[in-house]
Amino acid sequence: MKKLLYTAVGLALMAGVAGMRAQFGDASQKLRVAEAVINQFYVDTVNEDRLVENAIKGMLDKLDPHSSYSNAEETRELNEPLEGNFSGIGITFNMSSDTLYVIQTVSGGPSERVGILAGDRIIAVNDTSIAGQKMKNSRIMKMLRGPKGTTVDVKVLRRGRGNTPDTIPFTITRDQIPIYSVDAAYMVDPKTGYLRLNKFAADTRDEVTKAVNDLKRQGMRQLILDLVDNGGGYLNAAVDLLSELLAPNSLAVYTEGRASSRYDHYTVPMGKTPLFDKGRLVVMVNQYSASASEITAGAVQDQDRGLIVGRRSFGKGLVQRPFPFPDGSMMRLTVAHYYTPSGRDIQKPYAAGDQKKYNHDILDRLQSGELMHADSIKYIDSLKVNTLRLKRPIYGGGGISPDVFVPLDTTDFTNYYRDVMAKGDINKYAIRYVDNNRATLKKKYSDDTAFVKNFTVSTEMLRELYDMAEKDGVKFNEEEARKSEPLFKTVIKGLIGRDTYDNPTYFKVFNEYDPIFKEAYRLINSPDYDRLLSTPSRSASR
């Protein structure tokens, strides 16, 4: 009887599958057949939505490193930084000793309007205690963010007279909060401007226009554009930026794929003339500059508009087209490649489905010596092309290779510095220092220019940091601490400056230390600039 029963069940299953074959037929429907069979016959209850999501992810994982799937919540989080704003309370914060510490309030934002100050500690949100709860930043952000016009109640711990803490309740009405892509814009000297971008977003062109016009009013005649660590963003934002740097109707980039015919993107200035298409231009990049950063650097190089300084960029040259689903989730499918105006494919080589090897590319560059020595960079003659105006030889093969190479400097980076940084102690120390000395700092240094010029990190301050780290389990290493002292001092000073004044202060401090910036600044003020933009050469080393 059991054999007859199993036979009957087997015939029923075969008939069901055969029926599905007849219904779907085409091989492309195999996934739907598999999902239906699992859902109907699997031994345990399955989450059908998760099953389908995992199947989509599995397919995309076998294609290329950048095709991806995101659920509805992940899609919102991915899009938010590039759309230029979100609804929230308008603060920059950090978690210090399990307490939300307000670093800055957004000027004119909801928190500033109700009287929240830098240095305040938010200890509760809507009657939920967040102090000492070891909450993740992502969870706290979800509690503070919400639709525009809604309210959130917070309790703030603030130092009163005689450093006696007061607990103050606030009701904040959420509003649109801008997300800026310009981290810093300032004059390095009377003629040299510096502009740092952290992403290419919907409002990047407007931000850059405002920043560059402000720099030009201060006398800027030459510009250092910092794209170090910039992971990219919108293609159109890169073309918009190039429209302000290149001559009108210049080819900025083109895309092409199997099912996507070639499409050329040309610069189109918003005004009658581009914002800064004349004057010396140096673009800073490193191994983490990707996507739209590479489009920008590649066009500047190909069109002989300026010089690229730093290290070979990441090599992210695949175009993803979003395919949204009704539930808010989204599939981003690679449909084409980015090519610079001279025809270089920005994408570095990859093996389909081998995400692990692709993710180890930067480590491979370090181990091969490419990040440390110009002689270790391997140029492939078959991938050599020439710039469009001056016919300088440049090379493809993935990423944008700089005109002037700056090696990765690990002189000051030790295991001790790494461990102190990993514990978050440098940041915690800076927060505590500013909390105890904010009024004194503002009184002693009237602005961040005076701070950058005159503030020094003392030996006593370093000792306090080391003691804090030791309490957190980082054993003091005198030799490595001494070796890393210049780096410790730079980062501490930069963070104190940022928390006391504004975000640009950090870069004003760090750029005095950063080898890529120092080479960019040297070059933009050197006869070497004209020589490199006239003499055919592959790549110079610092």
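None of the values given here were measured: they were computed from a predicted structure.
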**OP:** Tell me whether the guanidinium CZ or amine NZ of K348 lies under 6.0 angstrom from the six-membered ring centre of F314 and within 45° of its axis.
**Re:** yes
Original post:
Would you find a donor on one side and an acceptor on the other, under 3.5 Å apart, between the side chain of D304 and the backbone of R389?
Top reply: yes
**OP:** Please report the shortest heavy-atom distance between V300 and L242, naming the atom on each side.
**Re:** CG2-CD2, 4.0 Å
Original post:
Considering the options D425, I426, D419, which one meets the side-chain contact (heavy atoms from CB on, under 4.5 Å) requirement together with K423?
Top reply: D425
Subject >> From D277 atom CG to L246 atom CG, the distance as rounded to the nearest 0.5 Å >> reply: 8.5 Å
Original post:
Should we count CZ of F325 as having more than 12 external heavy atoms under 6.0 Å?
Top reply: yes
**OP:** State whether a side-chain donor-acceptor pair under 3.5 Å links Y513 with D412.
**Re:** yes
Subject >> T340 side chain reached by I400 side chain, heavy atoms, under 4.5 Å >> reply: yes
Original post:
Is it the case that N198 and S181 place a side-chain donor and acceptor less than 3.5 Å from each other?
Top reply: no
Original post:
Out of curiosity, M220 CE to L195 CG, how far, rounded to the nearest 0.5 Å?
Top reply: 8.5 Å
Original post:
Between the side chains of E256 and Y263, is a donor N or O closer than 3.5 angstrom to an acceptor N or O?
Top reply: no
Original post:
Taking side chain as C-beta onward, heavy atoms only, is E207 less than 4.5 Å from L197?
Top reply: no
Original post:
With distance as the sole test, does N525 use its side chain to make a donor-acceptor pair with the main-chain N or O of Y521 at under 3.5 Å?
Top reply: yes
**OP:** Taking all heavy atoms of T387 and all of Q301, pick out the closest pair and write down the distance.
**Re:** CG2-O, 3.5 Å
Original post:
Is it true that atom NZ of K384 has more than 12 heavy atoms of other residues, nucleotides or ligands lying nearer than 6.0 Å?
Top reply: no
Subject >> Side-chain donor-acceptor contact under 3.5 Å, N511 with Y186 >> reply: yes
Subject >> Side chains of H66 and Y350, donor plus acceptor under 3.5 Å >> reply: no
Subject >> Side-chain heavy-atom pair L408, R311 within 4.5 angstrom cut-off >> reply: yes
Subject >> S368-S376 side chain donor-acceptor pair, cut-off 3.5 Å >> reply: no
**OP:** Say whether, by atom type as modelled, one donor and one acceptor occur between the side chain of K508 and the main chain of D448 under 3.5 angstrom.
**Re:** no
Original post:
Tell me, do E519 and M284 make a side-chain contact under 4.5 Å, heavy atoms counted?
Top reply: no
**OP:** For the pair Y254 (side chain) and Y266 (backbone), establish whether a donor and an acceptor sit closer than 3.5 Å, ignoring hydrogens and angles.
**Re:** no
**OP:** Say whether, by atom type as modelled, one donor and one acceptor occur between the side chain of E244 and the main chain of L275 under 3.5 angstrom.
**Re:** yes
Original post:
With a 3.5 Å cut-off and no angle check, do the side chains of N286 and S289 form a donor-acceptor pair?
Top reply: yes
Original post:
Do you see a donor-acceptor pair shorter than 3.5 Å between the side chains of D189 and T192?
Top reply: yes
Original post:
Got a sec, which residues hit side-chain contact (heavy atoms from CB on, under 4.5 Å) with L388, two or more places apart in sequence or on another chain?
Top reply: Q303, P341, S342
